[in-house]
Amino acid sequence: ETSATSTADLLRALHRSFRPSDPGNRQMRRQAARRSRRDGRLHLCAKRRAGGVRPRCRRRGVIHQRRNPGGVHRTAQRGRPAVFPPLHPFGQTFRLRTAGVARNRGMLRTAGHRRPAAQDRRAFRTAPHRDNPAAAGRNGRKKAQGVNQAAILLGDIVWDSPQLFAKVREQFASLGIPVYGVIGNHDHDLNKFTDREATENYRSHFGPTYYAFDMGRTHYVVLDDIVYHGARKYDEQIDSMQLRWAAAYAERLPAGSRVCFAMHAPAMKSWRDERRVMESAETLMDAFAGHEIHFISGHTHINSNFDIREGAMEHNVAQICGNLWRDPINRDGTPKGWQLFRECGEDFAWTYQSLEMPEARQLRVWGPGTAEDYPASVIAKVWNWDSYWTVVWYEDGRYRGSMQRIWCNDPDYIANIDSLKAAGKTVSKSQRPRTTHFYFKARPSASAREIEVVATDRSGRRYSERITLPTKE
């Protein structure tokens, strides 16, 4: 639990944790120092009687309270951070590298995921690489120099098919960056009836279901908020054991730290009128009061950014595969993609990165007659909107003011479903459109010829789109 800025500092901090009265500890310190100087690795002995440190762990030797210190970066092994292998009875070796704390630059990609059907596995293999500098060849690697990068999978990784864990992990290993897992309700073993047994297969491939890591000045805490009862029955809560662990973690953080909680089910059901907040999430936020809090979640298959309370925000991320690999966009109209978090110094910003559009495209505009409920209005979709965005419009170059935010079904998604029905294809319940909150409307004059919509996010970045209205006879 140190903030060492180099492996040497980390070694000194770890050496101080040895029991000084034990002669075996002095020998271990000398041996560890020699090995670390020789091969650049950090060696920890896990056996108490061998004079080593005793990691805080429980149940079958799997480390649950592991956290990497600031200033070092975990290497990846076979698609997961190297700190996650099960604890070996004779010791554990971790390969760490310095992370350039002075620059504090980092990129974290978060994605809501679902196991692809057989016909979509090729898209799954290629899509995540498209905008990943770490896996984009020599030019991409050069661009990413000095920038720590990692990815978080926000759950439902194999969709009730645990035999695919190994293959999926192999695919993500090709990204060349650490990939952190979050367990979802569809990652549990359907044939087990206790939460512990149902997560065993997941843990053997992706590591513990709750843990923490640092990137730059941000502390990331991954939690398991699915309490599984078997046969696809579960509660969306964080259990008391994780809450106690998180509260102890909070006591060690400097005041005013930035903390991001990654978990599968959202802390707040933002689509409901009462904005219901998970009871255990309230307890968690109380424990981290005084810190800047962000929840990063999946599960709902829709996209939203809402404030839960003062100092606490939730980013609920849509699916990277569109709607269950069946439709080219998500049911709420969000393009398939992921949420990208960037940190540089004190700045912390997020952008939704579409798989099929450049980052500069963050909105879509339709002319009158497109949305059934608003036939006379221009409609704009701003899928990563939050309450600090502004959305204004211009008619034939003349400023017309702010657009009105509305709840709406996505015209493109409806058109896609209508085309499937016209082709005689069956449309399932899971393909029904999802009315959501990030749409805006404005009513142009009868003589209007060109409409421009400009959206500005909380960081001051501007995005715009123009459309030409048809000439009226």
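We number each residue from 1, following the sequence as shown. The structure displayed is predicted, hence computed values, not measured ones.
Using a distance-only test at 3.5 Å, with no hydrogens or angles considered, no donor-acceptor pair links the side chain of Asn148 to the main chain of Met215. Judged by distance alone, with hydrogens and angles left aside, the side-chain atoms of Asn330 form no donor-acceptor pair with the main-chain N or O of Ala318 at under 3.5 Å. Looking only at distances, no side-chain donor or acceptor of Asp235 sits under 3.5 Å from a matching main-chain atom of Gln237. The main-chain N or O of Arg466 is never found under 3.5 Å from a side-chain atom of Glu450 such that the two would form a donor-acceptor pair.
A salt bridge between Glu251 and Arg244 is absent, with no side-chain N of the basic residue lying under 4.0 Å from a carboxylate O of the acidic one. Remark: Glu236 engages Lys269 in a salt bridge, criterion side-chain N to carboxylate O under 4.0 Å. A salt bridge links Arg398 with Glu395: at least one charged nitrogen is closer than 4.0 Å to a carboxylate oxygen.
Ring-plane geometry between Tyr210 and Trp245 is classed as perpendicular, the angle between the planes exceeding 60 degrees on a 0 to 90 degree scale with a lower cut at 30.
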Open item on the list: Does Arg169 form a side-chain contact (heavy atoms from CB on, under 4.5 Å) with Phe206? I'd like the steps, not just the answer.
Closed with: CA-CA 8 Å; Arg169 192 183 72 181; Phe206 281 91; 4.0 Å; yes
TODO: Go through Ile238 and Val227 one step at a time and tell me if the side-chain contact (heavy atoms from CB on, under 4.5 Å) criterion holds.
DONE: CA-CA 7 Å; Ile238 306 164; Val227 181; over 6 Å; no
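Of the candidates Ile296, Ile183, Val222, Ile296 is the only one forming a side chain to side chain contact (heavy atoms under 4.5 Å, CB included) with Leu154.
For the pair Trp389 and Asn384, the tightest heavy-atom approach, listed with the atom from each and the gap, is NE1-O, 3.5 Å.
Side-chain contact of Tyr439 with Asn409: a donor-acceptor pair under 3.5 Å is absent, judged by distance alone.
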